[in-house]
Amino acid sequence: MFIQVALNLPVEELFTYRVTGRESHKPEVGKRAIVPFGPSNRLQTGIIVSVSTSPPEGNFEIKEVFDIPDPYPLFTETLFRLAEFVSRRYCSSLGEALFRFLPGAFIVEEKVRVSPLKPQKPLTPKEEELHTLISSFSSPVSVSFLRRKFGGSSLNAYLKRLVEKGAARLNTQLKPGGPPKEKWVRYLKEGKCGPKGRELLNLLKKHGELPLKHLTYFGFSRGVIENLRQKGLIQITEKESLLPPPPPSLSPRGTTELTQEQKAVLESLFKYRGIHLLSGVTCSGKMEVYLHAARRAVDSGNSVLILVPELLLTPELQSRIESLFGTNYALYHGGLTPAQRASVWLKALKGEVPLIVGTRIAVALPMKNLGLIVLDEEQDPSYKEQQKPYYHARTVAVKRSELEKVPLLLVSATPSVESYYRAKRGEFLFHFLPSRVTRIPPPKVELVDLKKERKRVGIFSEKLLSALERAVNSGGQALLFINRRGYSHKIICPNCGYTLNCKKCGVPVTYHKEKKCFICHLCGTRYKLIFRCIKCGQRLEFTGYGTERVTQELKLLYPNWKIERFDLDTVKTYKDANRLIKLAVEGKIDVIVGTSIAVKGHNLPNLTFLGILIADQLTGPPDYMGAERAYQAIVQAIGRVGRFKPGYAVVQAFNPDFYPIKYAVTGQFHTFYEEELSYRKLFNYPPYTLGAVIEVEVPETQKSKLKELYAAMKKLPSQEVSKPLPLPNGKTYSIFIKLKSDTLLPKIKQLLSRFKVTYKIDVEPIKIP
DNA sequence: AGCACGCCGACT
DNA sequence: GTCGGCGTGCTC
């Protein structure tokens, strides 16, 4: 028998191995196969893609499988097809897609260790150096550790020579990958034992089986347990480890009754097993709808996936889930250890958890009896993977819904233009909740033209300051939203116009007053602080506003207020965020100055005022998605205020007539999307086309090749190609293409491989350079 | 992606 | 002869 396996390599080919029959388990599609690979036959983990009885054609040696460690497949049939889809649409190999989804703990690798011997032949200086390095460790040292200390690529060649000269010996060990194991203790039979043993035996008799670590926690020493085991009264077994306990939450709230409007959405969701887009005004109870839907699906014996953006696994959401599901759910996100992720993966596979709440990577969990997928805040950019394969979890969820015939509910107050368009075309079923479920009126929003404001204190308009004072003086809290960290982001010489740019990225750096340095926000590089122009010696001017400067100026204006900054510099973890939220809830903060992370998800019950300082900035980098980002950011920010108390918002802008700002402030949902769509259509931008960014690496000596490639790309049918844009590193060029269909992607790949250039394709990009 | 191999130029 | 720096080509 033969198996074809997909390895985690950027090549299309599958690799064939011979099955000997000595493997732990029989070959089956979706199981792992541990196979020798490459000239050194290093063991690697592959996924079995097909099993056949006849050998493949072609002239190559067929090696034997080392082992098949899984009693059952780790990938379900549909998951396999989903991975195939991801590899096709995002231009990766099947193996890369499968291994992106599979938790790292399942990967078995060979670990090579080196021990020193007495050299039989004279060594060269370099070999001598390596030999003494190896000898300096008391036990055999791993090659991967050695590689970090010694020159990367040349290490293997030297190691080989050391082995040839008898100066070193290699031994390989298999790092066991697989389900994390945990020891459990089981009651077997009654018998004679001491008092402590008696106590333990009774406990086990009552419970049948308990985790070993619980027993040691309750004060039973290893000795007692071992004694009982020796007598054959108890048995120690290994089980796949428990789920990590969900983090503690706020007190759960009772379930709420749905309104007529909400119920209608719920009914429709279970009638039409396709894709639904749920939108609505803030506080219209969208979350309640999908939580009830999840509850219903679980009650009828199905499992449910709820996908949330990276920063949305908030205590708020957790407490609401707990009020409906208790602790019978699991979390799945990048913050878990590989073993924890593997554990959730297996529970999903066996159908042991009815509900999993997770980030984008959870879209490919092997759910048993999947009955519903929910994707909350569907416009959120964190659904886009930034590593190969660069998949978009929303697109993958749509595909999964089609493959498994399971309803998918996309949820957002500010849907992506893409989803709005597809709903408009009838591909998605559109639902809109027009009314608030609370008695609290929507916040009053006012737009201030910063150009016309004469009575400005720095960046603060008179209207904003008086509203801010009113809010704080009447015991409320205020949130000032500015989408920039740091102090100032424009550093310019007033004499010669010289600006300080990042050496790697070419973009202006930001002055961080507290950290006493300049930081490039694109790549994170830090630069030494200077105050005089390096060209002419003039004193540099620091203009533009960031959270640091706003906080400082506000403190000068209101020295008695408690003002806190909420951005990636001050809040790095959930813990930091929760601490700050707690302070705010306890009323120990008057004003929060924050970036978009302060606006996301967190509920501040006492928030009565919101100020957006410079709405124009919310477009972000200058590309076709700017208006969409600005609209979404403004609506979301306004949505923070007036949830629990009547609120007020002031939006400041230099161009208040810019349509995303105007329509966000006035709440003209459809008008915004229709206008945005008209521009997208005019310039053939997504969603009218499929966008992709191609980065090609062209050596400086072969610039003509780039021209030829560009010309060839333009000749391909039904698409638009932008001019290659050189990236700051000098040899990579970025090309943005608008495709009429994804069937053109293979053609583009063909073309690129014909030109023999190294390249990277990002389909459905969220940022274009 | 690794990794080997081969070719080159630099330095003893 | 040794060393290090790339470009190239392959992996069942």
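Just so we're on the same page: letters track the sequence lines, and every chain starts at 1.
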Throw together a table of side-chain donor-acceptor distances under 3.5 angstrom for residues 49-60 of chain A, partners on residues two or more places apart or in other chains.
from, atom 1, to, atom 2, distance (Å)
Ser50(A), OG, Gln4(A), NE2, 2.7
Ser52(A), OG, Ser54(A), O, 3.4

request  = Classify the nucleic acid contact of Phe60(A) as base, sugar-phosphate or nothing, counting any heavy atom under 4.0 Å across all strands shown.
outcome  = base
ask   = CG of Leu365(A) to CZ of Phe101(A): how many Å apart, nearest 0.5 Å?
value = 10.0 Å
task = Return each pair, listed once, that meets side-chain hydrogen bond (donor to acceptor under 3.5 Å, both in side chains) where at least one residue sits in residues 750-769 of chain A; pairs must be two or more places apart or across chains.
result = Arg89(A)-Glu764(A), Tyr90(A)-Glu764(A), Lys384(A)-Asp762(A), Thr395(A)-Glu764(A)
message = Between Glu96(A) and Ser93(A), is there a side-chain donor-acceptor contact under 3.5 Å, judged purely by atom types and distance?
response = yes
Can you give me the N/O atom pairs linking the protein to nucleotides 1-3 of chain B at distances under 3.5 Å, or say none if there are none?
from, atom 1, to, atom 2, distance (Å)
dC3(B), OP2, Arg147(A), NH1, 3.2

request  = Identify, with sequence neighbours excluded, every residue that meets side-chain contact (heavy atoms from CB on, under 4.5 Å) alongside Ser40(A).
outcome  = Arg42(A)
query = Hey, is NZ on Lys368(A) packed in by over 12 heavy atoms from elsewhere, all under 6.0 Å?
reply = no
Donor + acceptor pair across side chains of Glu378(A), Ser419(A) (<3.5 Å) = yes
OP1 or OP2 of dG4(C) under 4.0 Å from side-chain N/O of Tyr158(A) = yes
message = Show me the pairs that pass side-chain hydrogen bond (donor to acceptor under 3.5 Å, both in side chains) and involve residues 131-140 of chain A, at least two apart or across chains.
response = none
Please tabulate, one pair per line, each protein N/O and nucleotide N/O from nucleotides 10-12 of chain B that are separated by under 3.5 Å, including the distance.
none

